[in-house]
**Q** 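Before anything else, here's the structure in question.
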Amino acid sequence: MARADGVIMHTYGRQPLVLVRGEGSRVWDAEGREYLDFVMGLAVCNLGHAHPEIARAAAAQLSQLVHVSNLYYTTPMVELAEELVRLSFGDRVFFCNSGAEAMEGAIKLCRRYAHERYGPGRHKIVCMQDSFHGRTIGALSATGQEKFWQGFEPLLPGFVFVPFNDLAALREALDDTVCAVLLEPIQGEGGVNPAEGDYLAAVRQLCTDKGILLVFDEVQCGLGRTGKLFAHEHYGVTPDVMALAKALAGGLPMGALLATEETARGFVPGTHASTFGGGPVIAAAANASLKILSDPAFLSAVRQKGDYLGEKLRHFQSRFPVIQEIRGLGLMWGIQLAQEGTPVVTACRERGLLVNCTQGNVIRLLPSLLVEKADIDQCLDILAQTLETVFS
Ligand code: PLP
């Protein structure tokens, strides 16, 4: 930790923990201490740590062909794109390396599509307050949280913000300078805020009526996290464009942009690229990961475990007055506290449970989707002990 402090840029508030090994829902630190992991790389390790099928797929590809560039074709990438297209609304895929990069691609695709279709002047993207889309300058400009902007202005122009779940505000913002509406069906960093009721359906209708693209950022809430392969499936609507990343390659870095055939016309050769995008090793890992994540029996088990966790958390609300609200879906939950959440994170860690706090007071639970009921019970026990002692 001291060595890191001497050489690594100070961009993260890290926990004082050096992790050396992981398996399933557990990680071990350098002293051999075991932790139940309900952070899971912030929704990256959806199949837990060191999943053998992902390790096998990546290792086999690693000794066969690692990288050739997108000047050539490779089979794992094509297989992955075919699967993503088969499993989603999308007709075409662009591969990149992270969530922020997928967002950059989405911003460029929407702007260029609108430019080709309507001519110049239609470049604005309406985004949501409390959203999070990443740290590169375009993704940051689309992020509706001013605290992340400080010191980086001027940001990229052309982003307008409205409150999430407020249809009237959105309708008001949609003039003929707007090319797209961008939202997370369930806001993650914003505090685990799901889209409410028929809001998404109404947004879809508005966008369709006005010829405006609808973009879903499913970087965090997608890929099985909510008990459906994509969170928007809970709402019965599809977007024109969707960004994926985090869990896509089972822990290795990969992002993807999916779009309908019509929208994908916005990109032509030379308009967008990524050196590492869709590389064979990452794509092989993603193929292994997606095979499991898209299995209907697996997704049904996620929904069952998620309902169980959600119900138990709701009981906590009557037991612990410090809890203001419980929000979530599937295995993505937020416990909003009336007080600062950091002491809870620290006390849980001391008891062998890793959880994260977002927005200062929302304890976020993002377990492995293969988490066992006994692990959920252990997490709930530690959380209960912690809430009792920290706020007594
Ligand atoms: N979009 C959402 C919804 C996210 O939660 C995140 C990261 O937390 C991002 C985009 C950015 O992803 P990355 O950190 O891979 O750039």
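What you see below is based on every heavy atom in this structure, not just the backbone, and it leaves out hydrogens, waters and symmetry mates. Numbers here are sequence positions counted from 1. Note that ligands are numbered from 1 as they come in the structure, with each ligand's atoms numbered from 1 the same way.
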**Q** Can Lys373 be said to sit on top of Tyr308's aromatic six-ring, NZ or CZ under 6.0 Å from centre and within 45° of the ring axis?
**A** yes

**Q** Hey, which atoms in ligand 1 end up nearer than 4.0 Å to a heavy atom of Glu184?
**A** 3 (C)

**Q** Ignoring hydrogens and angles, tell me if any N or O in the side chain of Arg112 forms a donor-acceptor pair with the backbone of Gly266 under 3.5 Å.
**A** yes

**Q** For the aromatic rings, using the six-membered ring if either is Trp, is the centroid distance between Tyr113 and Phe267 under 6.0 Å?
**A** no

**Q** Which ligand 1 atoms are under 4.0 Å away from a heavy-atom of Ser98?
**A** 15 (O), 16 (O)

**Q** Which ligand 1 atoms are under 4.0 Å away from a heavy-atom of Ala100?
**A** 11 (C), 12 (O), 13 (P), 16 (O)

**Q** Is atom 8 (O) of ligand 1 touching the protein, meaning some protein heavy atom lies under 4.0 Å away?
**A** yes

**Q** Only heavy atoms of Lys246, strictly under 4.0 Å: list the atoms of ligand 1 that pass.
**A** 5 (O), 7 (C), 8 (O)

**Q** Which atoms of ligand 1 sit under 4.0 Å from any heavy atom of Glu189?
**A** 8 (O)

**Q** Has the side chain of Asn287 got a donor or acceptor atom that lies under 3.5 Å from a matching backbone atom of Ala283?
**A** yes

**Q** Mind checking whether Ala245 has an N or O less than 3.5 Å away from an N or O of ligand 1?
**A** no

**Q** I need the nearest protein heavy-atom contact for atom 5 (O) of ligand 1: residue, atom name and distance, please.
**A** Gln220 NE2, 2.9 Å

**Q** Does a donor on one side chain and an acceptor on the other come within less than 3.5 Å for His232 and Thr238?
**A** no

**Q** Any nitrogen or oxygen of Glu101, side chain or backbone, less than 3.5 Å from one on ligand 1?
**A** no

**Q** Determine whether the side chain, the backbone, both or neither of Arg135 has a heavy atom under 4.0 Å from any heavy atom of ligand 1.
**A** neither

**Q** How long is the span from the CD1 atom in Ile186 to the OG1 atom in Thr226, to the nearest 0.5 Å?
**A** 5.5 Å

**Q** My understanding is that we take every heavy atom of each candidate and find the minimum distance to atom 10 (C) of ligand 1. Doing that for His133, Glu218, Gln187, Met254, which one comes out nearest?
**A** His133

**Q** Please check: side-chain N/O of Arg364 versus main-chain N/O of Cys357, any donor-acceptor pairing under 3.5 Å?
**A** no

**Q** Less than 3.5 Å between some nitrogen or oxygen of Gly99 and one of ligand 1, yes or no?
**A** yes

**Q** Do Asp381 and Gln385 have a side chain donor and acceptor closer than 3.5 Å?
**A** no

**Q** Could you find the nearest protein heavy atom to atom 1 (N) of ligand 1 and give me its residue, atom name and distance?
**A** Asp217 OD2, 2.6 Å

**Q** Are any of the side-chain heavy atoms of Phe391 and Val344 separated by less than 4.5 Å?
**A** yes

